[in-house]
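Structure first, commentary second.
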Amino acid sequence: MVASTSIKGKRPSVVVLGGGYGGLTTAKALDDIADVTLVDPSDAFLHNVASWRALVQPDWVDRIFMPLNQLLRHGRFLRDRAVEVEGRKVTLASGAELEPDYLVLATGSSYPFPAKAAEADQHRAKAALQGAHEALQKAQRCLIVGAGPAGLELAGEIKHFMPEKTITVVDVSPDILSGPFDQALRDELKRQLDELGVRLVLGSPLRELPEAAPGSLAPVEVTTEAGETVTADIWFRAFGVRPATGYVRGALANARDARGYLSVDERLQVKGVDGVYALGDISSADRDTALAAGQQAEVLAANIRALITGEGEQLAYQPGPPLIAVPLGPQAGATQLPDGVTGAEATASIKGESMLIEMYSVHFNAQDR
Ligand SMILES: Cc1cc2nc3c(=O)[nH]c(=O)nc-3n(C[C@H](O)[C@H](O)[C@H](O)COP(=O)(O)OP(=O)(O)OC[C@H]3O[C@@H](n4cnc5c(N)ncnc54)[C@H](O)[C@@H]3O)c2cc1C
């Protein structure tokens, strides 16, 4: 077992790998009680929930990148990448090694550009996003592959800010937004997409994906297995979440499934590995939302705090009911809440107008205190 109390005069150490939604929340919540080290190869947290808004409105680009060295007041930020983790021992790309009392794996997932950045340096990442904006401006016809929440949101953002573009969304599924959602949510979104003039081509796989890089100006032609051809001047790939867990070794590797997710218990400890926890997009718990990553981080931070102080119960993470807000631009969209589906006005105020930016930017103020 990991020591449950601190050695007198020395704060227990916590290393958090990954400064995304789950990692930043965990690191911030333990900053006052532990010696926290946050590690990320990027110098900025990317609030990718608002990436599409920044794609269509470049004045958002600076706002969605938040400097990780301004997150913690007491702890330190190391700009580095974990290349091997075995038990609680971490080897970084620089060659440095860390072996904390508590290790939190929060390395999240990759997702096709421009929703997530391909560049670790925020200046390069911003320039790439600006480049995609310029390419989109020059394009007349846009193809979006994937009718999940990300693809639908992108269609809505483009239609709101660049209404003259024609947009086609294709998906292998016979309906939009697969997942545990009410049909009323899909029906309302389809009604609004139809009003916006977004064309949906559903129910048949593409023979192959376009060769051009997503987000670049290039002639695109795709054909579905059912024989429908779509041509465009630019395309975006709105599917393909890939968990980033290639660094695990030993018992941690045994807890990793074929798709790369780490199996955790209800306290988010990696099964069979004392003192090592995993949350967010890499964990077998509820995943693939920033909301779940944040809620898991709160439970985990409370549990680590209780172990450090010796006070309080260990909490179990319980996934909540299906909850999703799908804005179609700042004023439209639909949302599934625990008590039912709501439309454009509520969606605008829950997410569409602010894109939840203040919920995260508020944490990056360490220099003010
Ligand atoms: C377009 C889009 C819109 C979305 N909108 C919403 C939404 O509205 N609401 C919602 O709840 N969810 C949304 N999501 C999903 C949400 O973004 C993810 O679920 C969330 O990013 C997961 O958070 P995380 O902390 O697990 O990991 P991430 O946010 O992916 O962060 C992982 C961090 O780990 C770092 N890292 C990676 N490898 C290493 C390594 N080896 N060593 C150290 N650090 C490493 C990365 O640089 C990154 O900073 C959206 C996703 C997309 C793509």
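Whatever order the structure lists ligands and atoms in, that order sets their numbers, starting from 1.
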Closest by any non-hydrogen atom to atom 31 (O) of ligand 1: pick that one out of G18, G20, P114.
G20
At what distance is the nearest protein heavy atom to atom 47 (O) of ligand 1, and which residue and atom is it?
D40 OD1, 2.8 Å
Atom 37 (C) of ligand 1: which of T107, L17, V85, L92 has the nearest heavy atom?
T107
Please determine if S42 has a nitrogen or oxygen closer than 3.5 Å to a nitrogen or oxygen of ligand 1.
no
Give the residue, atom name and distance (to 0.1 Å) of the protein heavy atom nearest atom 18 (C) of ligand 1.
D281 OD2, 3.4 Å
Do the side chains of K190 and D175 get close enough for a salt bridge, i.e. N-O under 4.0 angstrom?
yes
In ligand 1, the atoms that come under 4.0 Å of a heavy atom of S109 are 30 (O)
Checking R287 against Y261: charged group under 6.0 Å from the ring centre and within 45 degrees of the axis?
yes
Counting heavy atoms only, which of S110, P112, G108, G23 comes nearest to atom 27 (O) of ligand 1?
G108
Counting both backbone and side chain atoms, is some N or O of G22 under 3.5 Å from an N or O of ligand 1?
yes
When you measure from the heavy atoms of S51 to every atom of ligand 1, does any distance fall below 4.0 Å?
no
Between T37 and R76, a side-chain donor and acceptor under 3.5 Å
yes
Answer yes if the side chains of K126 and Q130 hold a donor-acceptor pair under 3.5 Å, and no otherwise.
no
Contact atoms of ligand 1, heavy-atom distance to V39 under 4.0 Å:
43 (C), 44 (N)
Going through the checks in order, is the side-chain contact (heavy atoms from CB on, under 4.5 Å) test met by V104 and L268?
CA-CA 9 Å; V104 179; L268 304 170; over 6 Å; no
For atom 15 (C) of ligand 1, what's the nearest protein heavy atom and its distance?
D288 O, 3.6 Å
Counting only nitrogen or oxygen atoms and a 3.5 angstrom limit, does A290 reach ligand 1?
yes
Name the option, out of N48, V15, V241, T25, that contains the heavy atom nearest to atom 4 (C) of ligand 1.
N48
F239 ring centre to R237 NZ or CZ under 6.0 Å, with the angle to the axis within 45°?
yes
Under 3.5 Å, is there a donor on one side chain and an acceptor on the other for Y277 and T26?
no
Tell me, do M355 and E153 make a side-chain contact under 4.5 Å, heavy atoms counted?
yes
Any idea which atoms of ligand 1 are less than 4.0 Å away from a heavy-atom of G280?
26 (O)
Nearest protein heavy atom to atom 21 (O) of ligand 1, by residue and atom, and its distance?
Y21 CD1, 3.3 Å
Could an N or O of ligand 1 be found under 3.5 Å from any N or O of W52, whether backbone or side chain?
no
Judging by distance only, is a nitrogen or oxygen of K351 under 3.5 angstrom from one on ligand 1?
yes
What do you reckon, does L356 have a nitrogen or oxygen under 3.5 Å from a nitrogen or oxygen of ligand 1?
no
Would you check whether Y247 has a nitrogen or oxygen atom less than 3.5 angstrom from a nitrogen or oxygen atom of ligand 1?
no
for atom 42 (N) of ligand 1, nearest protein heavy atom and its distance come out as A82 N, 3.0 Å
Can you figure out which of E153, K116, Q296, M355 has its heavy atom closest to atom 28 (P) of ligand 1?
K116
What part of A106, side chain from CB on, backbone N/CA/C/O, both or neither, has a heavy atom under 4.0 Å from ligand 1?
backbone
With a 3.5 Å distance limit and no angle check, can you tell me whether K116 reaches the backbone of S109 through a side-chain donor-acceptor pair?
yes
Between R79 and D121, is any pair of side-chain heavy atoms under 4.5 Å apart?
yes
Atom 6 (C) of ligand 1 sits nearest the protein heavy atom V49 CG2, 3.5 Å
Verify, without hydrogens or angle tests, whether S51 (side chain) and A115 (backbone) share a donor-acceptor contact under 3.5 angstrom.
yes
Looking at atom 44 (N) of ligand 1, what's its closest protein heavy atom, distance included?
P41 CD, 3.2 Å
Salt bridge E188-R191, side-chain N to carboxylate O under 4.0 Å:
yes
Per-atom contacts of ligand 1 with A115, taking only distances under 4.0 Å to non-hydrogen atoms
1 (C), 53 (C)
Lys/Arg-Asp/Glu bridge criterion (N-O < 4.0 Å) met for R305, D32
yes
Donor on one side chain, acceptor on other, D281 and Y21, under 3.5 Å:
no
Look at the side chain of K271 and the backbone N and O of S263, then say whether any donor-acceptor pair between them is shorter than 3.5 Å.
no
Any nitrogen or oxygen of D80, side chain or backbone, less than 3.5 Å from one on ligand 1?
no
Are side-chain N/O atoms of S94 and D80 paired as donor and acceptor at under 3.5 Å?
yes
Do any N/O atoms on L291 end up under 3.5 angstrom from N/O atoms on ligand 1?
yes
